[in-house]
Amino acid sequence: MNYLSTRGDSTPRKFCDILLEGLAPDGGLYLPEHYPQIDRTTLDHWRHLYAQHGYATLAFEILSLYIDDIPAADLQRICEKTYTPEVFGTLEIVPLKKLGNGFYLEALSNGPTLAFKDMAMQLLGNLFEYELARRGEQLNILGATSGDTGSAAEYAMRGKHGIRVFMLSPHGRMSAFQQAQMFSLQDANIHNIAVEGVFDDCQDIVKAVSNDLAFKRQYKIGTVNSINWARLLAQVVYYFAGYFQATSHAPMLRAGASALPPEGAVPGLGRPGAGRNDEKVDFTVPSGNFGNVCAGHVARQMGLPINKLVVATNENDVLDEFFRTGVYRVRGSADTHETSSPSMDISKASNFERFVFDLLGRDGARTKALFHDALAKDGQFDLSGDPAFQQARQRFGFVSGKSTHGDRLATIRDVFQKHGVMIDTHTADGVKVAREHVQPSVPMIVLETALPIKFAATIREALGRDPDRPARFDGIEDLPRRVQVLPADADRVKALITQECE
Ligand SMILES: *Cc1c(COP(=O)(O)O)cnc(C)c1O
């Protein structure tokens with residue numbers, strides 16, 4: 001499998017060539033030159049593998065289709081080391097929780113930092129360590145975070161050979177729990193830097209350091225942001241695992257029986273076709289940078305029977321606007337709102353270019369004209385008059401919706417009262433929008449992207465009580481902290497990196 005850029009550069013590159021890269025040299029994003037097609041037999045086989053041998057084996061099967069420059073035995077070992085019940089809490093790794101008839105949450109947030117980013121980042125840590133060792137190289141990961149990404153990266157990279165992490169966060173602005181999660185790490189290769197400024201200052205420093213090409217080369221500066229293809233690929237696996245779980249509950253109908261389900265059978269579980277691979281499901285995905293739902297798009301393009309991909313946004317509705325109107329309009333900082341689902345607070349969706357490339361029939365020149373020229377000139381582009389725009393819904397299955405703070409509170413309350421399940425603010429955005437798109441005959445799977453403990457203040461506002469806290473996080477706020485406070489000055493950050501690399 002070779003990889004190409006969404007902006008037309010088709011120099012053949014292998015998986016490990018792009019593993020440690022960010023953008024392609026022409027400013028585009030990497031995609032595989034085609035999506036491997038999964039037929040019924042393979043889908044049946046994978047259903048069986050997941051049930052009998054677990055998530056790591058399923059991950060290995062899917063990853064193997066995209067990675068042909070790591071020996072199979074090594075890749076299998078990496079998957080097995082990554083997706084363990086010890087790290088992710090259950091044998092299923094991504095179990096479904098039922099919220100009513102044919103309506104499910106897929107639990108992606110039981111990894112080390114309690115957000116779905118662990119699903120990909122834990123794999124990335126092991127892939128990076130493997131590839132760096134193979135090359136005899138080192139990497140200094142520099143990043144900026146306002147919460148989930150930074151902690152997921154640190155927990156994935158802690159103790160890894162050949163890797164140091166320098167993570168900038170705005171001093172005093174993350175939630176108490178998020179600060180405790182990151183700053184309590186005592187690993188020598190993890191460096192927390194609290195910057196006296198806001199998140200934008202942190203991002204500006206990362207840009208300034210990365211733009212110093214001599215420094216970047218000398219100190220092997222890299223990133224782990226959401227445009228990384230390996231992260232996206234890792235996320236494809238749980239769409240398959242969610243599908244198998246939502247469609248495998250009809251043992252008496254399994255053998256192709258055509259009997260009608262008994263009266264009162266649960267739709268989505270006991271009706272004819274359940275457990276057969278022609279049954280479709282819908283997914284709803286709380287979205288920010290479009291990384292998570294883009295993995296759903298890849299799964300669907302491979303042939304996983306997904307009916308709709310529902311994009312749920314918060315008040316930062318760049319993506320909802322596009323899927324409703326065909327206009328993609330990047331927001332300025334004055335138009336980017338701080339919300340109670342902060343991990344979806346984006347001004348533009350950095351993975352969206354991947355989907356538009358596919359939507360335009362993989363036309364790199366047109367994709368470049370939109371994302372490079374039009375966005376630079378007008379801050380937006382408009383596909384409403386283009387026949388391709390209709391395809392977003394008709395051919396690619398995308399629909400969307402939006403959720404606000406009030407919706408979030410109401411949904412958290414409603415789900416807790418009706419089902420006794422406490423959901424976090426991002427997942428609440430997903431449930432709210434999913435309910436608007438659910439169809440009686442199609443199972444709906446909402447991706448749970450974080451646990452409520454990470455966003456305690458809003459849970460208190462909604463429910464008047466504190467969120468449940470997994471036992472392993474008891475007292476985390478009282479642990480000793482490892483963090484340096486620095487002024488918002490790129491030179492001070494460079495000096496720190498230089499000193500650590502001595
Ligand atoms: C990162 C994140 C999202 C958004 O995911 P994208 O891949 O950026 O669309 C949603 N919810 C939570 C909790 C996150 O951490």
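Start at 1 and go down the list; that is how both ligands and their atoms are numbered.
- Asp204 is linked by a side-chain hydrogen bond (donor to acceptor under 3.5 Å, both in side chains) to nothing, counting only residues two or more places apart in sequence or in another chain.
- Contact residues of ligand 1 (protein heavy atom closer than 4.0 angstrom to a ligand atom; sorted by chain and number): Phe116, Lys117, Asp148, Pro286, Ser287, Gly288, Asn289, Phe290, Gly291, Asn292, Ser343, Met344, His426, Thr449, Ala450.
- In the model, Asp429 has no side-chain atom that pairs as donor or acceptor with a side-chain atom of Asn314 under 3.5 Å.
- At a cut-off of 3.5 Å, with distance as the only test, a side-chain donor of Glu461 or His405 sits close to an acceptor on the other residue.
- Looking at residues two or more places apart in sequence or on another chain, you find a side-chain contact (heavy atoms from CB on, under 4.5 Å) between Lys81 and Asn126, Glu129.
- Residues Arg362 and Asp358 meet the side-chain proximity criterion, which asks for heavy atoms closer than 4.5 Å.
- The side-chain contact (heavy atoms from CB on, under 4.5 Å) test applied to Ser146 returns Phe199, not counting sequence neighbours.
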